[in-house]
Student: 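Quick one: structure below, then a few questions.
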Amino acid sequence: MVLMTSQPPSPAQVHMVHDAATGLEGIIVLHSTVLGPAAGGCRYWSYPSASEMAVDAFRLAEGMSYKNALADLPLGGGKAVLRRTGGAVDRSRLFEAFGRAVEGLRGDYVTAEDVGTSVEDMRAVARATRHVAGLPPSGRRPGGDPSPWTARGVFLSMKEAVRRRLDRELADCTVAIQGVGHVGAALAVMLRDAGAKLLVADIDPGNVDHVVRATGATALAPDAILAADADVFAPCALGGVLSHETIGRLRARVVCGAANNQLATSEDGARLADKGVLYAPDYVVNAGGIINVAAEYLRWSNQAVLERVMATGERLMRVLDLAAASGLPGNLAADQLARSTIAARAVEMQPQAA
Ligand code: NAI
């Protein structure tokens, strides 16, 4: 096992992880530890090159710093990205080796599931380190699948966003959900209960059938959902769906969903604002999952998770108020608020002069 550490000019720490015995190859980026240990999931994905893997890890780690800061969590931001290669691997041994790398950071980084990793993988990580969350819940302690919490935060945010932009309630809205997996399906049930009209699409027909049966939603083809005649577009599948090519086709006046990195570039936030679309920044509204993960690691109660997730709509309002006052698009207002939150805490934590 090799754990190589370097300090680039930015405050981020970069740790390359490599273990020839198990085929582990990856990178752990700690973007910020100002507010607490850097927390963010472990992605296991195919990358054409090590540099593309590193770019993804930096971008994701920065996003986690901002997400955790705005969710008022005592956590910094980090991310692990492991490269999936074509060869056969023993997943259990590979993730245990990754756990040893996490343990080597002595609590500066806390990992959990992300794209391509599962509860089973985190169990293997936990054989080597206690700095891991996303394990099955024990007793009345938080844990397990965070998706229902993520869906709850998105739902509460959407309610506030349609009031602000459309001066309406969800019962008078049509919501188009792209992707009805773990989060999208839970969101659909909450929206049905609130009386919203639902349009749904997914590339997995089984997921569509399940949601249509559970909620009475109307199914659309995956390539029709973005331009559907809806008041709200809720991206709950992949990142990068809002770009200079797609924004022109969007008909909804509110975008609010769970997917990470919905904007292809940060300029797309201004494109949406120029078109009169209220964009609810992704990492502000989808923090329910990391709140649940944080509670598991920090041994908070389920009640603490509930209180923090229920405040998601208010946090979105703070960001949108700043956007209105500053003239910034919502995504940049969120970044600015997150950076100033981290900077203010850094100052507070300086030793006081006598
Ligand atoms: P999931 O994998 O359960 O669901 C994603 C769904 O999107 C799948 O049903 C998939 O078939 C569908 N899909 C993929 N490409 C599509 C396309 N082009 N058009 C339509 N549907 C498509 O994932 P999950 O957990 O529901 O997460 C959804 C998004 O929210 C992801 O971007 C994830 O990173 C993000 N997120 C999830 C959190 C959680 O607690 N699960 C927390 C924060 C963010």
Side-chain angles (χ1 to χ4, degrees), residues 39-45 56 59-61 63-64 66-68 70-71 73 77 79 81 112-119 122 133-134 137 142-158 176-190 198-212 214 217 219-228 230 233-243 245-246 249 255-264 280-296 305 308-309 312 315:
C42 170
R43 184 163 291 199
Y44 186 43
W45 202 245
D56 209 23
R59 195 177 50 92
L60 291 164
M64 287 311 301
Y66 297 168
K67 185 189 290 203
N68 294 341
L70 284 192
L73 295 173
K79 201 84 183 182
V81 177
E113 292 94 344
D114 191 62
V115 175
T117 54
S118 65
V119 172
M122 292 309 119
D145 179 12
S147 308
W149 291 113
T150 304
R152 176 63 60 190
V154 173
F155 171 78
L156 294 166
S157 302
M158 197 183 287
I177 308 179
Q178 180 186 48
V180 280
H182 289 94
V183 180
L187 177 64
V189 171
M190 291 170 198
L198 292 174
L199 308 174
V200 297
D202 197 295
I203 52 170
D204 180 335
N207 284 356
V208 174
D209 285 353
H210 173 77
V211 168
V212 165
L220 296 188
D223 60 2
I225 195 80
L226 182 128
F233 175 58
C236 295
L238 304 172
V241 288
L242 297 160
S243 66
E245 286 115 28
T246 60
R249 291 194 277 123
V255 173
C256 181
N260 281 314
N261 300 320
Q262 291 165 27
L263 304 179
D282 45 18
Y283 66 75
V284 179
V285 307
N286 73 11
I290 190 72
I291 291 171
N292 192 55
V293 161
E296 179 186 344
V305 177
R308 277 164 190 268
V309 172
T312 309
R315 286 194 290 270

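For clarity, every value in this text was computed on a predicted model and none was experimentally measured. In listed order, ligands and their atoms are each counted from 1.
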Student: Side chains of Val293 and Ile290: does their closest heavy-atom pair fall under 4.5 Å?
Tutor: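 Yes - at least one pair of side-chain heavy atoms lies under 4.5 Å apart.
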
Student: As a test of the contact definition, would atom 2 (O) of ligand 1 count as having a protein heavy-atom neighbour under 4.0 Å?
Tutor: no

Student: May I ask you to decide if Gln262's main-chain N or O and Asp282's side chain share a donor-acceptor pair within less than 3.5 Å?
Tutor: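 Yes; at least one donor-acceptor contact below 3.5 Å.
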
Student: Tell me which one of Pro148, Ala201, Ala237, Gly184 gets a heavy atom nearest to atom 29 (C) of ligand 1.
Tutor: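 Going through Pro148, Ala201, Ala237, Gly184 one by one, Ala237 has the nearest heavy atom to atom 29 (C) of ligand 1.
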
Student: Return the set of residues passing salt bridge (Lys or Arg N to Asp or Glu O under 4.0 Å) with Asp145 (not counting sequence neighbours), or none when no residue passes.
Tutor: none

Student: Heavy-atom distance from atom 23 (O) of ligand 1 to the protein below 4.0 Å?
Tutor: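 For atom 23 (O) of ligand 1 the answer is no, since every protein heavy atom stays at 4.0 Å or beyond.
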
Student: Using distance alone, decide if ligand 1 has a nitrogen or oxygen within less than 3.5 Å of any nitrogen or oxygen in Ala258.
Tutor: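 The answer is yes, given that Ala258 and ligand 1 share an N or O pair closer than 3.5 Å.
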
Student: Would you say Pro222 has any N or O atom under 3.5 Å from an N or O of ligand 1, going by distance alone?
Tutor: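 No, since none of the N or O atoms of Pro222 sits under 3.5 Å from an N or O of ligand 1.
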
Student: What residue and heavy atom of the protein are closest to atom 14 (C) of ligand 1, and at what distance?
Tutor: Ile203 CD1, 3.6 Å

Student: So, does Glu296 use its side chain to make a donor-acceptor pair with the main chain of Gly134 at under 3.5 Å?
Tutor: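 Between the backbone of Gly134 and the side chain of Glu296 there is a qualifying donor-acceptor contact (under 3.5 Å).
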
Student: Does any N or O atom in Gly289 lie less than 3.5 angstrom from one in ligand 1, N or O only?
Tutor: no

Student: Which heavy-atom pair separates Thr312 from Gly153 by the least distance, and what is that distance?
Tutor: CG2-O, 3.7 Å

Student: Side chain, backbone, both or neither: which applies to Ser147 and ligand 1 if a contact is any heavy-atom pair less than 4.0 Å apart?
Tutor: both

Student: Do His182 and ligand 1 have an N or O pair less than 3.5 Å apart?
Tutor: yes

Student: The criterion is ring-ring contact (aromatic ring centres under 6.0 Å, His included); which residues satisfy it with Tyr44, sequence neighbours excluded?
Tutor: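 Residues passing ring-ring contact (aromatic ring centres under 6.0 Å, His included) with Tyr44: Phe95.
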
Student: I want to know if ligand 1 touches Lys67 in the polar sense, i.e. an N/O pair below 3.5 angstrom.
Tutor: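 There is no such contact.
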
Student: Can you tell me which portion of Thr150 lies within the under-4.0 Å heavy-atom range of ligand 1? Options are side chain, backbone, both, or neither.
Tutor: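 Near ligand 1, Thr150 shows its side chain, while the N, CA, C and O stay back.
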
Student: Which residue, Asn261, Asn260, Val255, forms the side-chain contact (heavy atoms from CB on, under 4.5 Å) with Pro235?
Tutor: Val255

Student: Under a 4.0 Å heavy-atom limit, does Asn260 contact ligand 1 with its side chain, its backbone, both, or neither?
Tutor: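 Both of them.
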
Student: So which heavy atom on Gly181 is nearest to which on Asp202, and how close?
Tutor: N-OD2, 3.9 Å

